[in-house]
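The structure appears below as structure tokens.
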Amino acid sequence: MTAGATRDTSAGLPAAGHRPIRVMLNRSAGLTGELPGTPAPVERIRDLLDRHGIEADIVQPADESAATAAVREAVDAGVEVIVAAGGDGTVHLVAEAVIDTHVAMGILPMGRVMNVARSLGIPRDLESAAAILAAGHVRAMDVGVATSADGRTVPFLEAGSVGLNAAVFREVARAEAGDPGSIARTIWVALRYRPARMSIELDDEVVHSRGLMVSVSIGPYLGLGMTVAPNASMDDGRFDVRVFRGFSKWELLRHLGSIAFGRRRYAPHVSTYRSASVRITSVHPLPARADPVDLGQTPVTFRTKVHALRVVAPAP
């Protein structure tokens, strides 16, 4: 298969009521659409699935550890589709367990941002998302694997990042975890951040830059739905590597704010490269992340696993 092609793995799945489906429902997620911010009780999800002729077991794990165990048990039990009913965290949890398996991941988007669902063309409206599940079209998307300086390997579905954005996201994550001092530190990090000379090793060339930020993207969106790589494809076997240079720090932060939540804005100071593997080194250590995971500092390596994750989604 050539790069850029989409692999359709469904070949006409059996009717939804005749194949094993399990729904992993995040009990802390809220229903989108007509019931924003409210708890998502099993009964409402059951009614939603029933309206679309989907027969499924619904599991509501008590915590992340229980959810991980439940997903792995479902894979071992031969379940064909595991549906992540929740936010981006639920999507990542299910995806990590079914990478390189026969199991397809479905999504009922119930979180605030939903980067992966948005990239796959799955709408926030739950009725429409359930209709996609019922249609049963399965495609295969790429997965990224990041290797940190200390040898950790981390799968990711959205993007790796190096530079100012990784430094800021580190503090934002601490704020979301309830750290009261992280907001002040976020401002301090932005004020103190200094770019360092970096080398970006791609498949066919090496790029040298003092850019404030580099994103290594599977899909278009990163963080708070920021459209950092608007032309990225989820299944073409290559990252869109975006180098942000020529911005002042405040210009870059304003730009990131302007492209949040799926908005797009022209950025003349961004260079784009395509590559299946990326290694970033720097004269001085720079912060690095892959999706929500803190990778520490450079050097860091990113590589693609082509078509490693099966997803129930519309045809692209």
Side-chain angles (χ1 to χ4, degrees), residues 64-65 68 88-89 91-93 95-96 99 113 115-116 142-202 206-219 221-224 226 228-229 239-245 249 252-253 256 273 275-305 308:
E64 183 175 335
S65 176
T68 300
D88 284 310
V91 170
H92 282 259
L93 185 147
E96 288 186 21
I99 291 169
V113 181
N115 285 335
V116 176
D142 301 335
V143 172
V145 177
T147 304
S148 65
D150 61 5
R152 285 182 298 139
T153 57
V154 175
F156 64 97
L157 308 179
E158 300 169 25
S161 56
V162 170
L164 179 59
N165 59 329
V168 170
F169 289 162
R170 179 181 295 165
E171 299 304 327
V172 170
R174 289 171 178 166
E176 291 181 343
D179 182 348
S182 58
I183 296 175
R185 285 199 301 271
T186 300
I187 298 171
W188 178 249
V189 165
L191 287 171
R192 296 281 296 174
Y193 183 82
R194 296 290 183 272
R197 291 193 301 274
M198 69 178 82
S199 296
I200 306 164
E201 301 173 34
L202 308 172
V206 178
V207 176
H208 300 285
S209 174
R210 287 185 65 95
L212 282 169
M213 160 182 162
V214 177
S215 66
V216 180
S217 297
I218 298 172
Y221 307 108
L222 169 66
L224 295 176
M226 294 182 296
V228 294
F239 296 115
D240 272 31
V241 183
R242 302 269 282 171
V243 182
F244 293 73
R245 49 191 165 194
K249 283 181 290 187
L252 178 57
L253 291 172
L256 294 178
Y273 307 89
S275 185
S277 63
V278 182
R279 177 172 171 78
I280 301 177
T281 58
S282 54
V283 173
H284 303 293
L286 294 173
R289 296 180 72 81
D291 288 352
V293 179
D294 191 339
L295 297 174
Q297 297 176 317
T298 51
V300 63
T301 301
F302 306 97
R303 63 180 178 87
T304 52
K305 289 172 67 75

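This chain uses plain numbering: 1 for the first residue, then up along the sequence.
- By the side chain to side chain donor-acceptor pair (under 3.5 Å) test, Thr281 is found to be paired with no residue, residues two or more places apart in sequence or in another chain being considered.
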Quick one: side chains of residues 148-159, donor-acceptor pairs under 3.5 Å with protein atoms, not counting sequence neighbours, listed by atom name and distance.
unit_1	atom_1	unit_2	atom_2	d
Ser148	OG	Asp150	OD1	2.3
Ser148	OG	Arg152	N	3.1
Asp150	OD1	Arg152	N	3.3
Asp150	OD1	Arg152	NE	3.4
Arg152	NH1	Asp294	O	3.4
Arg152	NH2	Asp294	O	3.1
Glu158	OE1	Asn115	ND2	3.0
Glu158	OE2	His92	NE2	2.9

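- The line from CD1 of Ile200 to OH of Tyr273 is 7.0 Å long, rounded to the nearest 0.5 Å.
- Screening Val214, Thr298, Val207 for a side-chain contact (heavy atoms from CB on, under 4.5 Å) involving Met198 leaves a single residue, Val214.
- Val278 and Phe239 make their closest contact through CG2-CD1, 4.1 Å (heavy atoms, listed as atom of the first residue, atom of the second, distance).
- Counting only residues at least two apart or on different chains, no ring pair (Phe, Tyr, Trp, His ring centres under 6.0 Å) pair has a member in residues 277-296.
- With sequence neighbours left out, Arg303 forms a side chain to side chain donor-acceptor pair (under 3.5 Å) with no residue at all.
- Taking the side chain as every heavy atom from C-beta outward, Met213 and Ser161 never approach each other to under 4.5 Å.
- For the residue pair Ala166 and Arg289, the shortest heavy atom distance occurs at O-CD, 3.4 Å.
- Pairs of residues two or more places apart, or lying in two chains, that qualify as side chain to side chain donor-acceptor pair (under 3.5 Å) and include a residue from residues 208-217 are Ser199-His208.
- Partners of Ser277 by side chain to side chain donor-acceptor pair (under 3.5 Å), not counting sequence neighbours, listed by chain and number: Asp203.
- The structure places OG1 of Thr147 at 9.0 Å from CZ of Phe302, a figure rounded to the nearest 0.5 Å.
- By the salt bridge (charged side-chain N to carboxylate O under 4.0 Å, His left out) test, Asp142 is found to be paired with no residue, residues two or more places apart in sequence or in another chain being considered.
- Put simply, the side chain of Tyr221 does not reach to within 4.5 Å of the side chain of Asp88, judged on heavy atoms.
- Taking all atoms of both residues into account, the shortest heavy-atom contact from Gly144 to Ile218 is N-CD1, 3.1 Å.
- Scanning all heavy atoms of the two residues, the minimum distance from Val228 to Arg242 falls at O-NE, 2.7 Å.
- By the side chain to side chain donor-acceptor pair (under 3.5 Å) test, Thr304 is found to be paired with no residue, residues two or more places apart in sequence or in another chain being considered.
- Every residue two or more places apart in sequence or in another chain was checked for a salt bridge (charged side-chain N to carboxylate O under 4.0 Å, His left out) with Arg197, and none qualifies.
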